[in-house]
Amino acid sequence: MNKLVYKKYKGNSSILTIDLHNGYTVIAIKTWNKEKNACNVELRLKENTSEKWDLIEKAGNLIFNTDSRHTNPAILRQVSTYFQKGFFDYYIKRNRYETSCFDRGNMVFEEEKINKKHLPAQKI
């Protein structure tokens, strides 16, 4: 298994990307919670050839009570643990299913569009 590493998303230090090396990337969106003096993190999953980010609902809103220097490594450890336990499998399967449904629906739509062009115009 390739080692997981985090990178800033397009230079934004509040969003991390973690490539799972299986065609998917986890997006970690960080916000600071002043009341709890902690970092809240929301996880999303994206298929690497798409820009669609799917919420990982079962991860909930992760809270990290670490200083800013240790937050990113803590997020990486949590994502790595989830990955090793197969936590993301459900979301990957769901993404593949949704993509398959979209592709089939789009194929039907395109066929209807092509067939409509070849039908004679109807008089009203």
Using a 4.5 Å cut-off on heavy atoms from C-beta on, say whether the side chain of Ser14 contacts that of Tyr9. no

Same cluster for Val26 and Leu4 if Ile/Leu/Val/Met/Phe/Trp/Tyr side chains link at under 4.5 Å? yes

Heavy atoms of Lys46 and Ile27 approach each other most closely as CD-CD1, 3.9 Å

Pairwise distance CD1(Ile92) to CG(Asn95) - rounded to 0.5 angstrom: 8.5 Å

What's the spacing between Arg104 CZ and Thr99 OG1 if we round to 0.5 Å? 12.5 Å

What about Leu55 and Tyr91, same hydrophobic cluster or not, with Ile/Leu/Val/Met/Phe/Trp/Tyr joined at side-chain heavy-atom distances under 4.5 Å? no

Can you tell me if Ser100 uses its side chain to pair, donor with acceptor, with the backbone of Arg96 under 3.5 Å? no

Closest non-hydrogen atoms of Leu20 and Phe83, given as atom of the first, atom of the second and distance, are O-CZ, 3.6 Å

Heavy-atom side-chain contact between Ile18 and Leu76 under 4.5 Å: yes

Is a side-chain donor-acceptor pair under 3.5 Å present for Asn65 with Asn37? no

Are any non-hydrogen side-chain atoms of Ile56 and Phe88 less than 4.5 angstrom apart? yes

Side-chain touch Leu43/Val79, heavy atoms, less than 4.5 angstrom: yes

So, Thr66 and Thr71: side-chain donor and acceptor under 3.5 Å apart, yes or no? yes

Is there a donor-acceptor contact under 3.5 Å linking the side chains of Tyr24 and Asp19? no

Would you say Thr81 and Phe87 make side-chain contact, with heavy atoms under 4.5 Å? no

Determine the minimum heavy-atom distance between Asn33 and Glu35, stating which atoms define it. OD1-N, 3.0 Å

Are Lys93 and Glu98 close enough that some pair of their side-chain heavy atoms sits under 4.5 Å apart? no

Between Asp54 and Lys52, is any pair of side-chain heavy atoms under 4.5 Å apart? yes

Run Arg94 and Glu57 through salt bridge (charged side-chain N to carboxylate O under 4.0 Å, His left out) and show every step you take. CA-CA 12 Å; Arg94 182 176 77 176; Glu57 301 94 349; 3.3 Å; yes

Nearest heavy-atom approach of Thr25 to Asn48 is OG1-OD1, 2.5 Å

With the 4.5 Å side-chain cut-off for hydrophobic clustering, are Val41 and Ile15 part of the same group? no

If we only count heavy atoms from C-beta on, is the Thr31 to Glu42 side-chain gap below 4.5 Å? no

Using ring centroids (six-membered ring only for Trp), state whether Phe64 and Trp32 fall under 6.0 Å. no

Closest heavy-atom pair, Lys30 versus Cys39, reported as atoms and distance to 0.1 Å, is CB-SG, 3.7 Å

Go through Gln78 and Leu62 one step at a time and tell me if the side chain to side chain contact (heavy atoms under 4.5 Å, CB included) criterion holds. CA-CA 9 Å; Gln78 184 64 56; Leu62 302 174; 4.1 Å; yes

Apply the test side chain to side chain contact (heavy atoms under 4.5 Å, CB included) to residues Lys7 and Leu16: give CA-CA distance (whole Å), side-chain angles for both, the deciding distance (0.1 Å), then the verdict. CA-CA 5 Å; Lys7 295 179 184 175; Leu16 303 178; over 6 Å; no

Using the side chain to side chain contact (heavy atoms under 4.5 Å, CB included) rule, take Asn106 and Glu110 through it: C-alpha gap first, then chi angles, then the decisive distance, then the call. CA-CA 6 Å; Asn106 191 54; Glu110 291 299 320; 4.1 Å; yes

